[in-house]
Structure formats: structure tokens, C-alpha cells
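Read the structure below first, then the notes.
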Amino acid sequence: MSETTFSAVAVLCDTLARTASRREKIRLIKEFLLRLKEDEIAPAVAQIIGTIFPEDASTNLEIGYSTVKRISERKRQTTLFPAPLTILEVREYLNEIAALQGSGSRERKEKLLESLLGRAGSLEVSYIIRMIFKEMEHGVSEGLMLEAIAEAARVEPELVSRANMLSADIGEVARIAILKGRTELEKIQLVLFRPVKPMLAEMAYSIDEVFEEGSLWAFEYKFDGARIQIHMRGKDVRIFSRRLSDVTSSLPEIAELARELGVEEAVLEGEAIAVKDGRPLPFQELMRRFRRVHEIDAARMVVAVRLYLFDLLYRDGKTTIDMPYTARRALLAEACPSLLAEMVITQDRAKAEVFLKRALDEGHEGLMAKAPDSPYTPGKRGKKWFKLKPCGYP
DNA sequence: ACTGATGCGTC
DNA sequence: GTCGGAC
DNA sequence: GTCCGACGACGCATCAGT
């Protein structure tokens, strides 16, 4: 079996763009995946949905609109390679571009991209550029791709979805699902120091709106900061951002707090916010700290950062995401009583209103409302978590 | 050593 | 993060 | 209800050019 061309990916994407039906899109992708060679599955999946690199990888192309525009304005070089681009070659080009850094790297990135595009036909060029901007415009992103992978592998969509939540590498999930099947897929678990996608919340604008979806809710302050996920084994601590990048070095005082917990193994989740005199500072103040790599000590003096923890996803060898919120919360309280975000469980709307008013008075954004019996569903948005931001407030 | 252009990631 | 639109 | 695509403000990092 010969290697699959990138042209095949581009043609698939083009067909997807002209296909409205979800079912049909899924079928097209499934058929395509099943025809690929083993080592083509992961890169092809990434290329089709335009992600290119795993979500927790720090690799980046650093190619943007300006660079692409410059290349396209230059006279296109005639193709010197008679051989068509393959899926694997495109991946190699992009890996190489991402790996370049240091003096002269921008120019070399540009040249490398130019030579990649020079080897591509017009449809391929179009989709390579869409990949760079993550704007595939064919109506297929992670959700439909996961369904297609499930069909190709003949397993339940929930199993694929769960594996993807826990590994944050959809290409790898596809490879395992299709080549190894159910047993290996089920073995994908939360692994310490490999971040998982944070659970998401829906918007609500009033307490009443929340209580329409349930009678008992756990409320927490909604902090105006940045979501972080802390992985730790003893003194070994890594802090991950919402998009799973490693921000440990930017937040030394938070890493230190984690080390002092004296917890064997844990994955903790919380919010980092900038504070002064016990009051929260605007989000922009936190941004002066959040991804900083230079002069961190000086920045620490200017902007103090506080940590509020509100969830626990893993403890001493065991994943806790399937436990109800209240049970995870209890484990969290036991592991780190000092850093807990305040929480009120109630079915009383008036009590919730009082808590909301307090949150706003103290300078926070509003409340989070969480269903007490709900498991932690990484990367998912549903009616289990609400962010409650009343209109009319700043 | 400094400034501007470009790209990325947070909300 | 928000928003609207397609299914 | 869910997913997808298009959008904005802001601050920092890195590299290019002087």
C-alpha cells in the first residue's frame, strides 16, 4: 500500500465543505480514515480538523496573516518536485517550521512554508493555509471528528469522547481506536502531568434561571482570573493553563503553595487571580503575570497572585472525575483546606441571592453554580455548571 | 539597547 | 470570553 | 441542545531592523 497523498485530504475537505448533512460528513470521514496507513491516521485527523499539533504541545508555527500574504504576493515558484505531497510529508514540513527558533528563524519559517506551498496544487495550498489559521470552513471540528472516529473503530462515541478528554490528543485517540480497538481505548486514563481539558460552563443571568435546571446547587464565586490545573507528585509540581500550556515558571508562588500541601499525588483545579489588599484586581493585571517568562521576580512585587481551588481530578493513583462534585470537593478539602474557594450548597434561592450579592460586593464577577451530583466532564459544556453573571453589573 | 512588527493565548 | 446560525 | 464559525480587547514573547 502506497502512502496517501495530501491531495486526498484536500479533496476530502473540499467535499466536506460542500456537504451540509452531519451524517454524511461523518460517513465521508469514516471511509477516509479506514483507507489510511497506520502512521497516517493521527496526522490526517489533525490535518482535517486543522489542529496540526496536540493540544498540550507547546509547538507553534508562528506563521500568521502577514507572512502568508507576503508569500502569496511573491511570484509562485514552479513546482520542481514531480512527486505529490503526502500526508506525512506535510506533517514533517509543519513540524520543521514549528521547531525553528532563534535568529533568522522567521525568514527560514517563511522559506520553508513557501517551498511547501510550491509543491502543492491550488486546492492543497488552500487547505494548508486554512490549517495554519485553524479556519477549515468545512463544518467539521472536534465534535464530528470524534463521531467519525467512533464509527470507523466501531465503538461507542462516548468511549472515544472520553479518551479524547483525557488525552487531549485526538490524532492519537484515532490511531488507538482504529488500530487497537476498544480494549486499548479504555486504557486511556488521566495521567499525572498530562493535562486534561477543563470542564466548561453555560451562561446564566439570574438565580432563577439556574434553579429552573435543578433544585439543589453548589455555588462558588466566579473569579475574574485564569483557570489553572495543577499536577503534583510530592515536590514535583506543574501548572497548566486552560489551553493546556505549561505556565509553572510564571507562577512560582503558586507552585510553592502546592509543594507545601504535603500531598502525595494530586490534580487540582482552580483559578489564579491578581489581588491587592484582599480585593481582586482586573483581569488585565493578572495578564501581566500569567504567561510571563522574563523578570518574574520583579513582576511578583508589582502584582500579587492568589489561588482559589475548586476541584480535584486525581488523587494518589486514582482518577476522581467520575465521582460526584460533592465527593471530589470533600477530597479537595481534605487535601488542601487552606486554598479552598468558598462554596455554599443550597436549595434556597434567597441564600443564593445573598451569596451572589456578597461575591459582587467583594469585587468578583458573579457565581458559579454546579450540580452537586455531577461528574467532571473534561472539555464539555452542559447544564451541570453555570456561570452566573447578572446583567447590569460591571 | 531600543523599537516596531508579528504572533499567541487569556478572557 | 461573546454572539448568531445551522443542523 | 449541540456544534461550529466569526468576532473583540489586552498583554507578553520573539524576532527583525536599526
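Reminder, nothing fancy here: chain letters follow the sequence lines and each chain counts from 1.
Note on A:Arg243: a base of the nucleic acid sits closer than 4.0 angstrom, heavy atoms only. If you check every strand for non-hydrogen atoms under 4.0 Å, A:Ile63 touches sugar and phosphate atoms only. As judged by a 4.0 angstrom heavy-atom cut-off over every strand, A:Arg288 is placed among residues touching the sugar-phosphate backbone only. Across all strands, A:Ser103 comes closer than 4.0 Å only to sugar-phosphate atoms, never to a base (heavy-atom distances). Residue A:Tyr205 is in sugar-phosphate contact alone, with no base atom involved, counting any heavy-atom pair closer than 4.0 Å across all strands shown. The residue A:Lys387 sits close only to the backbone: its heavy atoms come under 4.0 Å of sugar-phosphate atoms, none of a base. Within 4.0 Å (heavy atoms only), A:Gly104 reaches sugar-phosphate atoms of the nucleic acid but no base atom. Using a 4.0 Å heavy-atom criterion, one finds that A:Lys25 contacts no nucleic acid atom at all. Backbone-only engagement by A:Phe290 is indicated by non-hydrogen atom pairs under 4.0 Å involving sugar-phosphate atoms exclusively.
Atom CG in A:Leu281 sits roughly 17 Å away from atom P in B:dC11 (whole-Å rounding). As rounded to whole Å, 14 Å separates atom P of B:dA5 from atom CZ of A:Arg106. Remark: C1' of D:dC4 and NZ of A:Lys134 are 16 Å apart, rounded to the nearest angstrom. Remark: P of D:dA16 and CZ of A:Arg70 are 11 Å apart, rounded to the nearest angstrom. Taking atom CZ on A:Arg227 and atom P on B:dG9, their separation rounds to 18 Å, with Å as the unit. Taking atom CG on A:Leu200 and atom P on B:dT10, their separation rounds to 13 Å, with Å as the unit. Atom CZ in A:Arg108 sits about 11 Å away from atom P in D:dC15, given to the nearest Å. Atom-to-atom, CZ of A:Phe133 to P of B:dT6 comes out at 12 Å; the value is rounded to the nearest Å.
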Please assess A:Arg27 against A:Glu151 for the test salt bridge (charged side-chain N to carboxylate O under 4.0 Å, His left out), listing each intermediate value before the final yes or no. CA-CA 8 Å; A:Arg27 192 191 66 77; A:Glu151 291 204 4; over 6 Å; no
Does the pair A:Lys389 and A:Asp224 meet the rule for a salt bridge (charged side-chain N to carboxylate O under 4.0 Å, His left out), with working shown? CA-CA 11 Å; A:Lys389 284 200 274 191; A:Asp224 189 11; over 6 Å; no
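Minimum atom distance to the side chain of A:Ser141 is reached by D:dG5, of the listed B:dC8, D:dG5, B:dT6. Closest contact between the side chain of A:Ala226 and the listed nucleotides D:dC12, B:dT10, B:dG9 involves B:dT10. Between B:dC8, D:dC3, B:dT10, one nucleotide has an atom nearer to the side chain of A:Arg22 than all others, and that is D:dC3. Taking the side chain of A:His138 as heavy atoms from C-beta on, and the options B:dC8, D:dG5, B:dT10, the nearest nucleotide is D:dG5.
Using a 4.0 Å cut-off between a side-chain N of Lys or Arg and a carboxylate O of Asp or Glu, A:Lys69 and A:Glu73 qualify as a salt bridge.
A:Asp246 and A:Thr248 share a side-chain donor-acceptor pair at under 3.5 Å.
The distance between the ring centers of A:Trp217 and A:Tyr325 does not fall below 6.0 angstrom.
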